[in-house]
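A note on names: the letters A, B, ... follow the listed sequences, proteins ahead of strands, and every chain is numbered from 1. What you see below is based on every heavy atom in this structure, not just the backbone, and it leaves out hydrogens, waters and symmetry mates. Just so it is clear, the structure is predicted and the values come from calculations on it, not from any experiment.
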Protein chains: 2
Amino acid sequence: MSGDAQISRLKPGRRTDIRRENERAILEAAEKVFAEAGFGGATMQLIADMAGLPKANLHYYFATKEDLYRKVVQQIFEIWLDAASSFDDAPGPVEGIGAYIDAKMDISRTHPHGSKVWASEVMHGAPVIQDYLETTLRDWTDGRIAVIQRWIDEGKMRPVNPRHLLYMLWATTQHYADFGHQIQTLNNGKPLSDKQWQEAKASVKDMVLRGIGAI
Amino acid sequence: MSGDAQISRLKPGRRTDIRRENERAILEAAEKVFAEAGFGGATMQLIADMAGLPKANLHYYFATKEDLYRKVVQQIFEIWLDAASSFDDAPGPVEGIGAYIDAKMDISRTHPHGSKVWASEVMHGAPVIQDYLETTLRDWTDGRIAVIQRWIDEGKMRPVNPRHLLYMLWATTQHYADFGHQIQTLNNGKPLSDKQWQEAKASVKDMVLRGIGAI
DNA sequence: CTTCACCTTGACCATACGGTCAGGAAACGA
DNA sequence: TCGTTTCCTGACCGTATGGTCAAGGTGAAG
């Protein structure tokens with residue numbers, strides 16, 4: 001566990017804000033703790049401490065640990081889907097896939113905890129979000145495969161397997177969040193700088209877009 | 001937890017074999033349980049049940065849960081390093097990187113649990129194998145970067161950033177193990193067939209090798 | 001001010017977990 | 001056969017954890 005830093009939590013006056021603000025602080029703390037310790041290793045006490053609340057107060061807002069975890073995972077899934085829109089309304093793979101890589105790399109940098117929670121959830125067999133995988137994710141995947149296939153048919157890129165292209169996009173971009181600690185260690189223990197993130201994005205886009213013959 | 005299948009454990013007669021056989025069964029069970037539940041979610045009782053031994057017997061061979069976990073992670077790291085030799089004594093990127101992708105994809109198929117344990121360990125900040133990252137892995141990485149740079153200088157591939165190429169190789173190949181459940185779900189719930197694994201390997205190699213201008 | 005719904009929290013409980021231990025069984029060497 | 005080392009295991013222990021509860025505090029509405 002690296003950071004003991006407490007989540008900032010403003011004391012709101014208005015009644016409506018109390019709930020929203022506390023739920024926000026709890027979810028933010030939970031995302032961090034679940035990411036750093038895993039579901040089994042996370043404790044409600046630790047989340048409570050990081051959110052700056054007594055443990056009993058957590059159970060007032062979230063009945064069980066599973067409830068809290070479910071909310072965290074759902075939140076992340078929504079962010080994933082938002083980024084996915086980069087894919088749409090693009091004339092070709094250079095713009096569409098390029099924007100998608102940009103968006104996903106940005107998420108890896110700004111939401112590393114969320115990415116790890118998602119990875120952990122999937123690695124453990126997706127006990128909580130299995131239905132999302134079978135519905136929303138599958139539909140989204142099928143749709144993007146159709147788009148890629150269209151680009152191939154239009155001669156805008158080489159005839160690669162669209163499904164494995166998607167896997168490569170997910171793997172490569174999320175790697176910078178999920179394995180961020182390893183990358184930081186190999187970067188002499190220092191987090192990637194702005195310039196290094198730019199270099200990472202450029203490298204990924206360059207290799208992928210050339211790999212599919214889009215440039 | 002998907003599989004309750006007990007690890008096969010032969011009852012050996014000879015004294016020497018008892019230790020080896022039991023340690024093997026425990027490590028095999030532990031790898032599976034740690035992968036499916038994470039370190040925090042795994043219990044010694046569950047590992048004992050899967051190994052077909054009383055819990056107290058586990059503590060006879062491995063003093064603590066951390067000890068057992070450490071052994072599991074080390075075992076995986078050795079497998080990683082063995083595969084790395086594919087990189088060496090290759091005349092160029094097509095052979096070297098091609099063989100490396102083959103080897104790592106094979107490991108993702110044959111040792112999915114190990115890959116997940118490794119991923120989980122790194123995601124949690126590598127509390128156990130931090131020193132490996134800073135020594136063995138860093139040295140190996142630097143060496144391969146030098147090899148890739150030589151290939152670039154010799155005009156055998158485009159001048160990509162060798163470090164980000166390595167990250168892409170790791171990410172893409174390990175994705176098929178770590179996110180195997182997601183891939184299986186998107187494959188109508190069925191594990192990838194032999195033919196589909198061949199297709200995956202070919203796709204990855206094709207996109208990567210073209211992406212770096214080696215073919 | 002009164003009322004009431006909502007929020008807060010220290011104390012508490014049952015359970016499950018990692019780990020211990022003593023005593024017995026089994027393998028080995030002489 | 002006997003002694004010694006290694007292996008086996010049921011019973012047990014202290015602790016930490018998820019969750020509960022009852023009593024008290026606090027903001028808003030009339």
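No side-chain donor from either of Q198(A) and D194(A) sits under 3.5 Å from a side-chain acceptor of the other. Side-chain contact annotation: E31(B) with H111(B), donor-acceptor N/O pair under 3.5 Å absent.
The distance between atom CZ of R19(A) and atom P of dT26(D), rounded to the nearest whole Å, is 19 Å. Look at CD on E23(B): it is 13 Å from C1' on dT6(D), rounded to the nearest Å. Separating the CD1 atom of I26(A) from the P atom of dC7(C) is a distance of 11 Å, rounded to the nearest angstrom. For the pair R20(B) CZ and dC7(D) C1', the computed distance is 16 Å after rounding to whole Å. Straight-line distance from the CG atom of D17(B) to the P atom of dC28(C): 9 Å, rounded to whole Å. Rounded to whole Å, atom P of dG27(D) lies 7 Å from atom CD1 of I18(A). In this entry the distance linking CG of L53(B) with P of dT6(D) reads 19 Å, nearest Å. The OH atom of Y69(B) sits 18 Å away from the C1' atom of dC17(C) (whole-angstrom rounding).
Under the 4.0 Å criterion applied to side-chain N and carboxylate O atoms, R109(B) and D106(B) are not assigned as salt-bridge partners. Using a cut-off of 4.0 Å between Lys/Arg side-chain N and Asp/Glu carboxylate O, K195(A) and E199(A) are scored as not salt-bridged. Under a 4.0 Å N-O distance rule, the pair E28(B)/K32(B) does not qualify as a salt bridge.
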Donor-acceptor pairs are to be reported for all side-chain atoms of residues 73-81 of chain A against protein atoms at under 3.5 Å, with residues two or more places apart or in another chain.
residue : atom : partner : partner atom : Å
Q74(A)  : NE2  : Y132(A) : OH           : 3.2

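The stretch residues 56-66 of chain B touches DNA chain C through A56(B), H59(B), T64(B), K65(B), E66(B), each having a heavy atom under 4.0 angstrom from the strand.
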For nucleotides 23-25 of chain C, give me every protein contact, N/O to N/O, under 3.5 Å, one pair per line with atom names.
none

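Here the CG-CD distance, from N161(A) to Q149(A), works out to 9.0 Å after rounding to the nearest 0.5 Å. Of the inter-residue distances, the one linking R70(B) atom CZ with T64(B) atom OG1 reads 7.0 Å to the nearest 0.5 angstrom.
Using a 4.0 Å heavy-atom cutoff across all strands shown, A48(A) reaches no nucleic acid atom at all.
Distances were taken from every side-chain heavy atom of K55(A) (C-beta onward) to each of dG10(D), dC7(D), dG18(D); the shortest belongs to dG18(D).
Under the 30°/60° scheme for interplanar angles, the aromatic rings of F34(B) and F39(B) are found to lie parallel.
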